[in-house]
Structures are given as C-alpha cells and as structure tokens.
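Lettering follows sequence order; numbering is per chain, from 1.
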Amino acid sequence: MDINQHIESLVHDAAQRYVRALGREEVPTPITIEIPKNKDYGDFATPVAMLLARALRKSPMEIAKAISELVAADPMIASVNVAPPGFINFTVTSNAHGEILRHISNEQAHYGHCDIGHGKRALVEFVSANPTGPLHIGHARNAVVGDTIARCLQTAGYAVTREYYFNDAGVQMKKLGESLRARYLQQLGVEAALPPDGYQGEYLVEIARPLVSEIGDSRKNETDVSFFTNYATEKTLRSIDEDMKSLGIAFDEWVRESAMHHEGKVRETLDELKARNKAYQHDGAWWLRSSEYGDEKDRVLVKRDGEPTYLAPDLAYHKFKYERRYDILVNTFGGDHHGYVPRLAAGIEALGYPSSALRCVIIQMVTLLKDGERTKLSTRSGEFITLKSMINELGRDVVRFFFLMRSADSHLVFDWELAKDTSMNNPVYYVQYAHARFCSIFKKGAELGIQYQGAERANLALLETAEEKEIIMLLAQLPQVIRKSAEAVEPHHLTLYLRQLAGAFHQYFTIGTKKSEYRVLVPDNQELTQARLALIECLRITIANGLSILGVSAPERM
RNA sequence: GCGCCAGUAGCUCAGUUGGAUAGAGCAACGGACUUCUAAUCCGUAGGUCGUGGGUUCGAGUCCCGCCUGGCGCGCCA
C-alpha cells in the first residue's frame, strides 16, 4: 500500500462527494496532499477546503469540517482535525505504519519503483562532448546528472536509452587530425609544427607514441589528414568511454555527426524545411524561420559557402531522434549553451515535430574551490583537472554524490577539500554510514543468537516511539520522491531525501546508546526486537535502493 | 543594449510547484563514547528570504519596476 496515494484518493473521493451533495458537478482544483513541516499538525495535511472555498462560496472552515467527517471512518486514519484558516490534518494509525513496513519488506529491491512511464521510451542524451581531448571536471557534472536522470526514469517505469552525440565533422576535426600528424612526425624525429590554433595538449603525444610502434613511419608522407583524424577520434572516444565507465555510466548509443551527412540526413532535413517553407535564401545563405517559433531571430542553416552550420546536422540528428519514436527526449546542456535551446526547439517545430517531447536540462557551471582559489569551469575553458584524475583522487561515490546534492540549474561551487575529506564532514559518508550501521546491527544480532523472522511475522504495532513513527512516515516517501525526481528531471531531490532519512536514523540510533531500552536489540524482549529489526530492514532497503539510483555504493561496513 | 538564469544564516545550498512558527551541512562556541560503529548525536548562536510595489484568505515561491552577479547574444561549434 502506498499511504500517500491512499490519503490522496481518500481526500479526493470525500471532496467529490461533498461537492456533489451541494449539487455541483466536479472538483475544480487538484487535490494536494502535504506533509506538514510542523509535526504537531499530524502526518498529512491538505489545503483543499481553502481552494474550494471561493467556487463553493462557503467558508473554508465549514468545508474542511464537512470533508474531515467524510474521511474519519477510514481504517488508516487515527484522527482528523481542522485548523484555521481551513487545513485538514491527518494522523495515521499504527496499523498504517505496519502496512508501510510490510510493503517495503515485500518489495525489497523493487521498493520505490513505480510505473508512471508505462514502458514509454525515453532517450537521454548527455555529455556529448566532442572527441578532441580528455574529459575534465566541467563534463563530470553533466555526465553524473544525465546518467542519474536516466536511472530515475528507469525506476519510474520508462524504457531508457542513453545516447552520446558527437561532432566528428568539420574544421575542428580536421585541426585535430593535423595536430596528431604533427605529433606523429615529431615522434619520428621529423620537425613538424602544430597548426595554428591546433590542439596543444599532451594527450596527443600519448596517442602518437603508440601509433608509431603500431604503423612505424608508413604514414610519414601522407598528405590526406583523414587517417589521423579518425585515429585520434577513435582513441579519444575509447578514453571517454573508459571515463564514463569509471563513473558507472554506460551509453547504449553513440551517434556521429558524420553519419548525419553520409546517410543523407542533413540534406533530407534541409529539403524538408524548404518544402515546408520554413527555410529561405537570403544573402546567399539558407535561413531557418526560427523567429516564427519564439526564437529571437532567424538562424543560418547553410552558409554562403555552401557549408552547413552546426544547427543543420543537429536538426537532422533530432529528426533522427523523433524517427526512432521516442516518447520523451531529455537533453542536457551546459549553462553556456542555454541560448541554443529556443533555436533547437524552433527547428523541431518547423520540421513538424512536437517540441513538448523535448526536456532540456540546463546544467550550470561548476566553480572549483581548491587551495583557496576559485576557478570557473565551463565545458569550453579552464580544464586543467581531468575527469580521470578527479575520480582517482576522490572516488566514484564522492564525485557522483557531490554533483547530485544540488539542483542542476544552479551554479555549483565544488569544494575540493570537503570532497577529499574522507574522515568526517563529508555528506556522502553520512548516508553510507547509516547503511553500514544497519548491517552492523544485523550482524550483532546474529552474534547474540537473534534470528530475524521477517516483517510479516513481527508485531509492528510495538513501534510506537515518536522517532520510529517519524522514520516510518519518511520511509513511505521514497516512491513520491522518485516520482518527482523523474517527472521534474531533478535527481537532487533524491539525494536530499536520503540525507534526511539517514539523519532521522542516526538520531534514533543515538538514543539507544544512552538508554538500552531504546536499542534495536533488546535481548530480554524478543517481540520488540523483531519489530525494530523490521524497521531496520526497511531502512536498509530504502537507503540501498536510493543510493543505487544515484549510482553510489551502499557499503556493509565502514 | 537585448535575452536567459540566479540573489535565502559568515560560507555552500535546500525549501514538497502558493500553505501553518523559513531549514540543513560547513565554520564558531558548549556538551555526549564501560552497552547495537563517535564517519554519530544533543545544545547555543546566527535571517528585513537583494530591493520597492502588486495579486489573495495566505508570497521565499506568482506578476511589474529597480539593484547586483553569472551566462548567452557569429554565415563558431
């Protein structure tokens, strides 16, 4: 039983009945159920009476009183009361608490999953950095947030594909090839200069070295640069893939811009836009009528020299997304690319596709705070710490958790010293430590010869302290939190929830260190011990499932 | 100049889509380990939610003006 849904439908039905009794047809406002910040107000609250007051021309208090009488008989409701200016507050029964725990215990690793997706297909495109060099911290936030959005959607019942799109055509790629060729020649002892604005980084030297042992000097006099471009691209992609794997991320599809050209998709897209009269020629270039769709101005699709801009193949790529019949398309963008979104949406509409299927997630810049200095990191600048070294130094769990603590669309200051602090103060360990404590309790129980019998057989009504009730009500929130994270594509809600839940547990646990009758394991009270072990089991399941969605490990000891 | 995003405790940030007395972590100060892990817990202190109006039963949240900061405004990608 999901207690949230139960309360919601209870209030909904009661409101319907009340409205109908007044001779009205429908409830004009959606039913909202809240969890009051102040515990004195109970487990749940609804402001529905105040929302109805105007339409019904009755006082909120009167409506609240009437509705509360209609729900009072429900077996899950211990008490209902009405508070001014018209809140209805509920407290649930201990029977409801027991139901919550039995449900979690039955669901196990599946607890928290839901099916708002109904198996609909979701495409999550993220990172999509061009293969011109190693990934750095600026990419890491995008990678982690994108992957966790994908995980949330999966847990919410979507069939998810993770996709990486990269630009392997155009001048930048040519420059990359020329740069590698220069490094290759240098390795052979030939004097060769990097092209102007070439790629200076050491990593091309590291690619050139094995290249020499692989092919010797057989390409020494090659004038066509494409071999070097391809070689550098493939090597870099492999290294990007390794970086992603070290973060626990596996892409299902890798789509190349060059394929959009080779397969004729760019031409096809341009023809389509022309046929729809959404592209026009002006000053020798082809323009998209993006201003018809809310963009600031029209945009160039094909330059005067006949070369397409970035936009044309990207629209072909997005057309390709729609052709594959995905129901929702999630895109992550670096904060410095937010201005591109209206243009993309305009192009999609111009092609006749609904841009409402597109969910653009802006992932704001990261400022690195290290050695007392602040460095701004965009995906285009300031990269001197590679993603690889970041993971080596901090570990996957820390990197993932840190980027998931904050909402993606606000700027983030990454405190390197705090992230590196492996002993205390690091919020990752706070949650993981809770999990380790659960496991430790079960281990200790086994040592004392206590055999956990399962939630089904426990007398859960014995869980009656305020702390226990609070934890149970928190546990019941996981499905809502996941649902919200998936619907809003905002995974940080889950991170915050896990910290809150871990906090409630640590507090509860500490009471037991002071007073032995409040410990989980009470050897002279087997029945109570069994009930509390059920609570710990449910805590373990909930924290483990949450961490799993974040891609963070749940250690059994620390 | 125009557009987008932001401004909440000394610092970093939440704030359940408009709800009741605005929260957490860090930093500061004071406490708690013969007992299930002190990587923990408790307490104290810290606020004109940038600012001025507006909308209503009710605003940190929505609307308008202003101030401050970030980003973007190319026939670059």
*When the nearest nucleotide of RNA chain B is assigned to A:Ile88 and to A:Gly335 on a heavy-atom basis, which residue is associated with the more 5' position?*
A:Ile88
_Short N-O contact, A:Glu292 and A:Lys278, less than 4.0 angstrom_ = yes
_Spacing of the C1' atoms in B:G18 and B:C63 (rounded, Å)_ = 13 Å
*Determine if the base of B:U61 is syn or anti; take syn to mean the glycosidic torsion is within 90° of 0.*
anti
_Contact list for RNA chain B against residues 280-300 of chain A - heavy-atom distance below 4.0 Å_ = A:His282, A:Asp283, A:Ala285, A:Trp287, A:Glu296, A:Lys297, A:Val300
*Would you please confirm or rule out a distance under 4.0 Å between OP1 or OP2 of B:C36 and any side-chain N or O of A:Arg437?*
no
_Steps toward ring pair (Phe, Tyr, Trp, His ring centres under 6.0 Å) verdict (A:Phe505, A:Phe509)_ = CA-CA 6 Å; A:Phe505 163 71; A:Phe509 183 90; 5.7 Å; yes
*Taking O4'-C1'-N9-C4 for purines and O4'-C1'-N1-C2 for pyrimidines, is B:C66 syn (within 90° of 0) or anti?*
anti
*Do A:Asp40 side-chain and B:A20 base share a donor-acceptor contact under 3.5 Å?*
no
_When the C1' atoms of B:G23 and B:A45 are compared, how many Å lie between them, rounded to an integer?_
16 Å
_Are B:A20 and A:Phe87 stacked, with the base six-membered ring and the side-chain ring centres under 5.5 Å apart and planes under 30°?_
yes
*asked:* Closer than 4.0 angstrom, basic N to acidic O: yes or no for A:Lys321 and A:Glu163?
replied: no
*Can a donor-acceptor pair under 3.5 Å be found between the side-chain atoms of A:Asp415 and the base atoms of B:U12?*
no
*asked:* With a 3.5 Å cut-off and heavy atoms only, can you find an N or O donor on one side and an acceptor on the other between the side chain of A:His338 and the base of B:G3?
replied: yes
_Consecutive-pair stems (3 or more, Watson-Crick or G-U, under 3.5 Å) for RNA chain B_ = B:1-7 with B:67-73, B:10-13 with B:23-26, B:28-32 with B:40-44, B:50-54 with B:62-66
*Determine the interatomic distance between C1' on B:C29 and the same-named atom on B:A20; round to the nearest Å.*
33 Å
*Write down the atom of A:Ala544, the atom of A:His435, and the distance for their closest heavy-atom approach.*
CB-NE2, 3.9 Å
_Centroid under 5.5 Å and tilt under 30°, A:Tyr41 to B:A20_ = yes
